[in-house]
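Each chain gets a letter, A, B and so on, in the order its sequence line appears, and its residues count up from 1. Predicted model only: the values in this text are computed from it and were never measured.
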2 protein chains.
Amino acid sequence: MVVYKPSSRDRLEEADIDRIFQALADATRRDILRQSMLREQSVSELARNYSMSFAAVQKHVAVLERALLVTKERRGREQIVHSNPAALRRAARLLDAYEALWRDRIDRLGDLLSEPGTEAPRPDTPGNDTRKDTQQ
Amino acid sequence: MVVYKPSSRDRLEEADIDRIFQALADATRRDILRQSMLREQSVSELARNYSMSFAAVQKHVAVLERALLVTKERRGREQIVHSNPAALRRAARLLDAYEALWRDRIDRLGDLLSEPGTEAPRPDTPGNDTRKDTQQ
DNA sequence: CTTATATACAACCATTTGGTTGTAGGTTAG
DNA sequence: CTAACCTACAACCAAATGGTTGTATATAAG
């Protein structure tokens, strides 16, 4: 009944995660990230790859930066973008955690199913449903 | 110079990925996803957990659904939300691919460093486009 | 039958997003 | 020094987001 009452520390965390996924939710930004993982480049160098204004790419880089997926380092008159794989790994692990969560549920369902005589696929047992949900 | 010219098939893929990350970029939606992984619930049942209107939660579920992270199944007067871990796994693997990409680069740098006398970490190798494109 | 519940959906609103152009300042090249 | 280049940043705009309320409809419960 409680649920979704993140501690003040978690709240910050959640906002971080928001920024990471939001940054990844744009194909141009994902490409910029990929490019800067392949080779560290200046913003304008990156910008040449896309059919949009320099300022637009600059903004995309800023979004990636805010999500800590990249950092910028001044080098003379240009700003070099380098990727920060730590944040990426964090996101990947987060998704793994979700998957693990689901696997746990399946395991529990497996336990239920292994109980003898419990065949009904849709009992009105208050202990909830027995769906397999192996979809896709 | 080319770059970012996704094939028409990739373009669809990219849009799918957009939707997945965008769906994950909101703490409430991530929580809804978690909830429905723990136990399949109706929309209104889910909605009771949050301090926002039913309609808002309904919209959040719709976003998750559009990203194929969950599906809905009518059961009597209520709509049961169940999670679809396949999409989640896809996203996790995508992030893994990015990481791998970065690891490749590090490996290449390692190679450079192991070459005697080659200290410069910033070679201006013009033969660029060493794209691996291990995406997805 | 009547009422309560679960959903669907439209209309509206404020804020954010993703893009543009324009201006200005710092840095390098000739 | 001057010109070209790279970046920063403001102002503006259309569209998408995340929320609201209100209305309608189908199903379940009494």
Side-chain angles (χ1 to χ4, degrees), chain A residues 4 11 14-33 35-36 39-67 69-82 122 124 126 129, chain B residues 4 11 14-33 35-36 39-67 69-82 122 124:
Chain A
Y4 197 51
R11 181 168 285 155
E14 291 290 340
D16 293 345
I17 299 171
D18 284 2
R19 280 184 226 108
I20 291 177
F21 283 130
Q22 195 251 341
L24 291 171
D26 180 284
T28 301
R29 277 194 298 263
R30 286 194 301 275
D31 198 72
I32 291 176
L33 183 59
Q35 294 299 325
S36 54
R39 186 170 64 86
E40 284 168 1
Q41 303 171 56
S42 71
V43 178
S44 56
E45 203 169 357
L46 285 166
R48 279 183 219 111
N49 296 329
Y50 310 96
S51 54
M52 66 183 77
S53 69
F54 169 79
V57 173
Q58 212 178 10
K59 280 192 186 179
H60 279 307
V61 171
V63 171
L64 288 169
E65 199 181 9
R66 218 177 28 138
L69 288 166
V70 304
T71 54
K72 289 189 298 184
E73 178 214 3
R74 188 117 231 166
R75 191 122 76 198
R77 72 177 153 184
E78 51 197 349
Q79 198 96 258
I80 306 296
V81 177
H82 23 327
R122 198 162 138 249
D124 56 350
D129 56 11
Chain B
Y4 197 53
R11 181 167 285 153
E14 291 290 340
D16 293 345
I17 300 171
D18 283 4
R19 280 184 227 108
I20 291 177
F21 284 129
Q22 196 251 342
L24 291 171
D26 180 285
T28 303
R29 278 195 296 265
R30 286 193 303 275
D31 198 73
I32 291 176
L33 183 59
Q35 293 299 324
S36 54
R39 188 170 63 88
E40 285 167 359
Q41 303 171 57
S42 71
V43 179
S44 56
E45 202 168 357
L46 285 167
R48 278 182 219 113
N49 295 329
Y50 310 96
S51 54
M52 65 182 78
S53 69
F54 169 78
V57 173
Q58 212 178 9
K59 280 193 186 180
H60 280 307
V61 171
V63 172
L64 289 168
E65 198 180 9
R66 216 174 31 132
L69 288 167
V70 305
T71 55
K72 288 189 299 184
E73 179 214 3
R74 188 116 231 165
R75 191 121 77 200
R77 73 178 150 181
E78 51 198 347
Q79 197 97 259
I80 307 296
V81 177
H82 24 55
R122 199 168 129 247
D124 58 346

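Between Gln35(A) and Glu45(A), the closest side-chain pair of non-hydrogen atoms is not below 4.5 Å. Residues Tyr50(A) and His60(A) fail the side-chain proximity criterion, which asks for heavy atoms closer than 4.5 Å. Using a 4.5 Å heavy-atom threshold, the side chains of Leu24(B) and Leu69(B) count as touching. Between Arg66(A) and Gln22(A) the shortest side-chain heavy-atom distance falls below 4.5 Å.
Contact check, Arg29(B) against dG18(D): a side-chain N or O comes under 4.0 Å of OP1 or OP2. Of the side-chain N and O atoms in Ser42(B), none sit less than 4.0 angstrom from OP1 or OP2 of dA6(C).
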Practice task
Please step through salt bridge (Lys or Arg N to Asp or Glu O under 4.0 Å) for the pair Arg75(B) and Glu40(B), ending with a clear verdict.
Solution key: CA-CA 12 Å; Arg75(B) 191 121 77 200; Glu40(B) 285 167 359; 5.2 Å; no

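Comparing atom distances between the His60(B) side chain and each of dT7(C), dG19(D), dG19(C) picks out dG19(D) as nearest. When distances are taken from the side chain of Ala56(B) to each of dG18(D), dG19(D), dT7(D), the shortest belongs to dG19(D). The side chain of Ala55(A) approaches dC9(D) more closely than any other nucleotide in the set dA8(C), dT17(C), dC9(D). Listed nucleotides dA8(C), dT7(D), dG19(C) differ in distance to Lys72(B); the shortest reach to its side chain belongs to dA8(C). Closest contact between the side chain of Arg77(B) and the listed nucleotides dA29(D), dT7(C), dG19(D) involves dA29(D). You'll find that the side chain of Gln58(B) is closest to dA8(C), out of dA4(D), dT17(C), dA8(C). In the set dT20(C), dA6(C), dG18(C), the nucleotide with an atom closest to the side chain of Asp26(A) is dG18(C). Of the candidate nucleotides dT7(D), dT20(C), dG19(D), dT20(C) has the atom nearest to the side chain of Ser53(A). Taking every side-chain heavy atom of Val43(A) into account, dT7(D) is the closest of dT7(D), dG18(C), dA8(C).
Rounded to whole angstrom, the span from the OH atom of Tyr50(B) across to the P atom of dT20(D) amounts to 14 Å. In this structure, Glu65(B) atom CD and dC9(C) atom C1' are separated by 14 Å, rounded to whole Å. To the nearest angstrom, P of dT16(C) lies 16 Å from CD of Gln22(B). Residue Asp18(B) contributes atom CG, which lies 13 Å from atom C1' of dA16(D) at whole-angstrom precision. Here dT7(C) presents its C1' atom at 13 Å from CG of Leu46(B), a figure rounded to the nearest Å. Across the protein-nucleic acid pair, Ile80(A) atom CD1 and dT27(C) atom C1' stand 13 Å apart, rounded to whole Å. Spacing between atom CD of Glu78(A) and atom P of dT7(D) amounts to 6 Å, rounded to whole angstrom units. Rounded to a whole Å, the CG atom of Leu64(A) is 13 Å from the P atom of dT17(C).
Although no hydrogens or angles enter the test, the distance criterion places a donor-acceptor pair under 3.5 Å between the side chain of Arg29(A) and the main chain of Ala23(A).
Nearest-nucleotide assignment on DNA chain C puts the 5′-proximal partner with Gln79(B), out of Phe54(A) and Gln79(B). Summary of the strand contacts: Lys59(A) and Arg74(A) both lie near DNA chain C, and taking for each the nucleotide with the nearest heavy atom, the more 5' one is attributed to Lys59(A).
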